2 protein chains.
Amino acid sequence: MTTVVLADDHQLLRQAVRRALEDAGFAVLGEAGDGEEASNLAGRLQPDVVVMDVTMPVLDGIRATRRIRELAPGARVVMLTMHGEESLLADAIDAGASAFLTKDCSLQEVVKAVRSAADGDVMLSPDLAASLLDQFRDPAADTPAPSPLTKREEEILQLVADGRSTTEVARELFISAKTVKNHLASIYVKLDARDRTQAVLSGVRMGIVHLR
Amino acid sequence: MTTVVLADDHQLLRQAVRRALEDAGFAVLGEAGDGEEASNLAGRLQPDVVVMDVTMPVLDGIRATRRIRELAPGARVVMLTMHGEESLLADAIDAGASAFLTKDCSLQEVVKAVRSAADGDVMLSPDLAASLLDQFRDPAADTPAPSPLTKREEEILQLVADGRSTTEVARELFISAKTVKNHLASIYVKLDARDRTQAVLSGVRMGIVHLR
DNA sequence: GCCAAAATGGGTCCCGAGACCTATTCCCGG
DNA sequence: CCGGGAATAGGTCTCGGGACCCATTTTGGC
């Protein structure tokens with residue numbers, strides 16, 4: 001039988017979840033009102049799953065999760081959260097949480113998450129999965145930032161970023177050093193840079209130039 | 001009853017999954033051998049869930065997913081994958097997939113994923129969730145890269161990255177331009193850079209310097 | 001086919017930057 | 001207490017890079 005420990009600073013919510021879990025056939029071994037208690041309890045009882053709020057007194061859910069990973073390595077953590085705490089999702093997963101649900105989900109969702117967690121799967125509500133992607137997506141990636149530079153200028157800027165001097169770039173492209181200088185000058189104007197360093201940096205920020 | 005469309009270029013796998021899904025009480029409406037077929041079929045049959053391989057002829061799983069999102073907005077996509085295709089996970093989720101499983105998982109896992117998907121949840125195998133985080137984590141973040149530079153050197157490098165010239169840095173720090181040059185020289189040695197551009201770039205790569 | 005933009009090249013000027021060497025002060029750790 | 005690294009500063013020399021001129025050819029879009 002799958003065993004569970006519950007942690008939330010609201011007793012009402014604990015009771016509701018406990019009922020739902022017990023009805024679903026889980027054994028709720030204990031309850032805690034803060035993260036400290038929760039991790040201690042988990043260490044002592046070694047449950048299969050810990051259901052926990054992210055925001056709790058004393059020790060927040062993220063830290064508590066890390067502690068549980070140490071004290072009860074076999075325990076999976078299902079994280080509950082209020083709306084507007086999406087930013088914690090990545091940290092939660094990073095800390096080792098197996099599920100992350102918003103509190104406006106149904107009790108059935110919680111039961112399902114606990115079941116998934118016990119099986120070793122990771123479950124997310126779909127809106128949260130989307131927000132996870134958003135958080136990590138490179139802001140420059142989706143806005144391909146139509147480069148103001150011409151192909152040739154991009155090519156030269158990349159070579160400069162790779163450490164080539166003006167003359168080296170010229171040799172590499174079989175053109176005169178003067179031409180390279182001219183291209184650089186027009187790059188500076190377009191990128192509002194005063195020298196190669198700033199130009200390269202702008203290029204990096206805009207995703208035109210790639211660090212090697 | 002939950003309806004499903006299956007897509008994979010290996011008939012054997014299709015049959016196995018079909019059996020498992022039908023035993024679990026799902027209605028498998030159709031099968032496809034490539035991404036093109038799969039999205040057409042999904043458009044026509046409007047299933048609740050599409051179970052699909054990532055690597056398929058004609059139209060790969062990612063593209064197929066995007067097309068399915070258009071042709072059958074109500075359909076959730078469960079993605080199957082071989083080992084070593086973890087890099088596609090982010091793209092898959094981005095394309096709108098609801099689950100992402102490695103093919104070495106059990107049929108039970110697939111069934112569970114389909115059930116989750118039908119309920120609107122996102123499910124990942126735990127190792128994949130970890131790899132998702134890894135992919136997006138800033139490589140410099142976890143390895144705080146003990147900077148070989150002294151505090152002062154870091155300070156100067158940051159100012160240079162911010163666009164200051166040697167003299168400007170000197171003014172800003174109330175020291176002589178000569179001293180700034182000296183610091184820069186030792187920065188170049190430590191970072192193996194030949195000029196400020198390369199030094200700043202190294203700094204960025206190492207997470208010492210922050211782009212503004 | 002024509003016009004604009006891109007790509008190429010030349011010249012000059014000058015300052016900033018980097019190489020190399022030396023020196024002093026201060027502070028920390030062995 | 002003493003050695004070494006960090007931070008400070010000076011000098012000198014050279015060259016590359018950037019500013020501002022210019023012209024020619026090629027290419028691409030209308």
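Since the model is a prediction, treat every value here as computed from it, not as a measurement.
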- Query: What's the closest nucleotide to the A:K151 side chain, out of D:dA7, D:dA6, C:dA7?
  - Reply: C:dA7

- Classify the side chain of A:N182 and the base of C:dG9 as holding, or not holding, a donor-acceptor pair under 3.5 Å. yes

- Task: Taking only the side-chain nitrogens and oxygens of A:T179, find out if one of them lies under 4.0 Å from OP1 or OP2 of C:dG9.
- Result: yes

- Note on the structure: The side chain to side chain contact (heavy atoms under 4.5 Å, CB included) partner of B:D8 among B:T55, B:D53, B:V17 is B:D53

- Task: Identify whether the distance between the nearest side-chain nitrogen and carboxylate oxygen of A:R67 and A:E70 falls below 4.0 Å.
- Result: no

- Check ion pair B:R14-B:E37 (N to O, under 4.0 angstrom): no

- Compare all side-chain heavy atoms of B:E168 with those of B:L159 and state whether any distance is below 4.5 angstrom. no

- Task: Could you tell me whether A:E154 and A:K151 make a salt bridge, using a distance below 4.0 angstrom between a side-chain N and a carboxylate O?
- Result: no

- Spacing between A:D195 atom CG and D:dA19 atom P, to the nearest angstrom: 9 Å

- So, is A:T150 near the phosphate of C:dA5, with a side-chain N or O under 4.0 Å from OP1 or OP2? no

- Using a 4.0 Å heavy-atom cut-off across all strands, classify B:S186 as base, sugar-phosphate, or nothing. nothing

- Query: Between B:E168 (CD) and C:dC15 (P), how many Å, whole number?
  - Reply: 16 Å

- Round to a whole Å and report the spacing from CD1 of A:I187 to P of D:dG17. 13 Å

- Between atom CG in A:L191 and atom P in D:dG18, what is the gap in whole Å? 13 Å

- Task: Starting from the 5' end of DNA chain C, give me the residue, A:A177 or B:R164, whose nearest nucleotide shows up first.
- Result: A:A177

- Regarding the side chain of B:R196, the nearest nucleotide among D:dG11, C:dG9, C:dA17 is C:dA17

- Message: Side chain of B:H183, heavy atoms from C-beta onward: which of D:dG17, C:dA7, D:dT8 has the nearest atom to it?
- Response: D:dT8

- Task: Round to the nearest Å and state the distance from A:E153 atom CD to C:dA5 atom P.
- Result: 13 Å

- Show your working on side chain to side chain donor-acceptor pair (under 3.5 Å) between B:T166 and B:R196 and close with a plain yes or no. CA-CA 10 Å; B:T166 304; B:R196 43 186 67 215; 2.6 Å; yes

- Message: So, OP1 or OP2 of D:dG17: does either fall under 4.0 Å of a side-chain N or O from A:R194?
- Response: no

- Task: Can you tell me the distance, in whole Å, between the CD1 atom of A:I156 and the P atom of D:dG17?
- Result: 13 Å

- Item | Given D:dG17, D:dG10, C:dA17, the nucleotide with the shortest approach to the side chain of B:K178 | D:dG10

- Message: I want to verify a distance call: between D:dG18, C:dG18, D:dA6, whose nearest atom is closest to the B:K181 side chain?
- Response: C:dG18

- May I have the distance from B:Q198 (atom CD) to C:dA17 (atom P), rounded to whole angstrom? 16 Å

- Query: Mapping A:L184 and B:R152 to their closest nucleotides on DNA chain D, which lands nearer the 5' end?
  - Reply: B:R152

- Message: Please determine whether a side-chain nitrogen or oxygen atom of A:T167 lies at a distance below 4.0 Å from atom OP1 or OP2 of D:dG16.
- Response: no

- Message: Expressed as a whole number of angstroms, how long is the span from B:L149:CG to D:dA7:P?
- Response: 10 Å

